Participant: 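This is the structure I want to talk about, given as structure tokens.
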Amino acid sequence: MKISVIGAGYVGLVTAACLAKLGNDVVLIDIDEDKLEAIHNNRVSPTYEEGLNELLSQVHIQVSTDYEKISPSDIIFICVGTPSDKSGSIFLEHITEATTQIAEALKRKLDYCVVAVKSTVAPGTTEEVVIPILATSGRKAGNDFGVCMCPEFLREGKAIHDFMNPARVIIGEYDSKSGDMLYKLYQSFNAPILRTNLRTAEMIKLASNAFLATKISFINEVGNICKQLGIDTYEVAKGMGFDERIGSKFLNAGIGFGGSCLPKDLKMLIAKAKETGYEPTILEGVLNLNEAQALKLVESLKKHVPLKDAVIGLLGLAFKPGTDDVRDSRAIKIVEVLLQEGAVVKAYDPLAVKNFGKLFPQIEYVTKEEVLNSDAILIVTEWEEFNHLHYKGKIVIDGRRVAKAREARIYEGVCW
Ligand SMILES: NC(=O)c1ccc[n+]([C@@H]2O[C@H](COP(=O)([O-])OP(=O)(O)OC[C@H]3O[C@@H](n4cnc5c(N)ncnc54)[C@H](O)[C@@H]3O)[C@@H](O)[C@H]2O)c1
């Protein structure tokens with residue numbers, strides 16, 4: 001099929017590369033010329049994603065800033081960012097700008113195509129924002145073009161695997177003709193396909209991420225209680241996980257969740273609920289606990305080392321292992337507090353130093369061995385390589401349960 005992907009970020013680039021690999025004719029549009037140039041000239045992803053450079057070297061993708069290039073498409077996927085604003089509500093400017101450009105191109109497009117929103121948006125956005133903008137083309141939804149909302153569930157670091165092997169495909173459709181087009185694209189995937197209306201698809205994405213966030217905050221709360229009682233949280237989680245109604249995943253207590261999705265999507269759902277007049281007490285609790293959890297690491301540290309002028313070493317800056325993404329990483333909150341309290345911060349991460357350096361140019365980025373020479377060490381991201389360091393004689397406060405770190409002279413875990 002002829003596919004256009006709007007937005008060459010984590011989701012858009014993976015979507016474009018995977019769909020090209022599956023034999024589709026793919027055009028990738030972004031407003032960031034540098035990003036497109038890197039993809040075009042070097043076939044290299046501007047962001048780190050396991051296997052993506054290799055995949056890009058195998059496929060042909062046409063990249064452009066020119067929306068006219070989308071004209072021959074059967075499907076146009078919108079994959080631009082949807083950050084949240086201060087109130088937690090979705091910031092729609094990228095969606096509205098991209099959709100306006102698509103509407104311009106639709107004016108000159110004679111054959112039927114489907115515009116599919118892949119970006120995560122609040123329930124109602126496709127109907128209330130995207131479709132009215134597309135209608136400014138003078139074309140009619142259902143007749144001249146179709147509309148779908150097809151949320152993406154891939155995990156950064158495992159994005160190619162997840163795109164190619166989805167647990168489910170959700171097709172929110174304006175009408176069955178729109179959904180049929182996406183069904184044609186996804187029918188060869190070995191995954192259940194659920195066809196719904198547009199706002200149900202939007203809600204499935206937000207509810208899924210809110211549930212995962214809840215599971216993490218839940219086990220962190222259990223962990224905080226276990227620590228007070230001298231009980232090993234991880235043994236408790238193991239015992240719980242055997243019950244298939246609970247499941248063993250997402251039960252790793254620690255300093256909480258970050259990244260570009262869980263915090264933002266949770267805030268988006270909370271804001272949407274409040275707009276309707278409903279107080280989402282569970283979801284607010286999940287978010288509040290998560291905000292406080294990262295700082296527990298610093299609280300534990302203060303019991304062992306006065307922070308003023310102390311050299312504190314951070315192991316890990318990415319929001320999770322396997323990515324260079326630092327959006328909403330717990331490391332941000334931790335470094336902010338350490339600097340406020342007068343500590344000197346040294347940090348190491350195998351992939352995320354460049355991105356973190358843009359936020360905190362004032363801290364020192366060093367090797368992991370140099371981090372070990374600090375007055376105390378904080379483990380913030382559970383990179384596998386941290387399980388092979390020598391911690392003997394050190395003070396380590398662990399936010400991620402790295403087994404080897406237990407050999408430290410002083411060792412304390414955030415929930416254990
Ligand atoms: N990152 C993830 O793991 C993930 C997973 C599932 C869903 N999502 C959702 O997918 C969406 C995209 O996320 P991301 O992490 O890929 O974002 P990103 O910020 O990495 O990428 C967004 C891209 O869109 C481009 N862009 C912005 N405005 C544009 C415009 N008018 N026209 C063309 N391009 C434009 C930006 O330059 C950028 O390259 C978000 O809604 C996000 O919530 C993300």
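All values reported here derive from a predicted model rather than from experimental measurement. Residue numbers start at 1 and run along the sequence shown. Numbering of ligands and ligand atoms starts at 1, following listing order.
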Participant: Answer with yes or no whether the side chains of N224 and Q293 bring together a donor and an acceptor at under 3.5 Å.
Facilitator: yes
Participant: For F163 and Y186, take the angle between the two ring planes, folded into 0 to 90°, and tell me which bin it lands in: parallel under 30, tilted 30 to 60, perpendicular over 60.
Facilitator: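 Plane angle between 30° and 60°, so tilted.
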Participant: Using 30° and 60° as the class boundaries, would you call the ring planes of F360 and F356 parallel, tilted or perpendicular?
Facilitator: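 It falls in the parallel class, under 30°.
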Participant: List the steps, then state whether side chain to side chain donor-acceptor pair (under 3.5 Å) holds for T125 with E202.
Facilitator: CA-CA 8 Å; T125 306; E202 292 164 332; 4.8 Å; no
Participant: Please tabulate, one line per pair, the protein N or O atoms found under 3.5 Å from any N or O atom of ligand 1, giving the distance to one decimal.
Facilitator:
unit_1   : atom_1 : unit_2 : atom_2 : d
ligand 1 : 1 (N)  : E156   : OE2    : 2.8
ligand 1 : 1 (N)  : S260   : OG     : 3.4
ligand 1 : 3 (O)  : E156   : OE2    : 3.4
ligand 1 : 15 (O) : R327   : NH2    : 3.0
ligand 1 : 16 (O) : Y10    : N      : 3.0
ligand 1 : 16 (O) : V11    : N      : 2.8
ligand 1 : 19 (O) : R327   : NH1    : 3.4
ligand 1 : 20 (O) : Y10    : N      : 3.4
ligand 1 : 32 (N) : Y67    : OH     : 2.6
ligand 1 : 37 (O) : D30    : OD1    : 2.6
ligand 1 : 37 (O) : D30    : OD2    : 3.4
ligand 1 : 39 (O) : D30    : OD2    : 2.6
ligand 1 : 39 (O) : K35    : NZ     : 2.7
ligand 1 : 41 (O) : T82    : OG1    : 2.5
ligand 1 : 41 (O) : T120   : N      : 2.9
ligand 1 : 43 (O) : T120   : OG1    : 3.3
ligand 1 : 43 (O) : K264   : NZ     : 2.6

Participant: Side-chain donor-acceptor pair under 3.5 Å between K264 and T82, yes or no?
Facilitator: yes
Participant: Report the distance from atom CD of E382 to atom CD1 of I255, rounding to the nearest 0.5 Å.
Facilitator: 8.5 Å
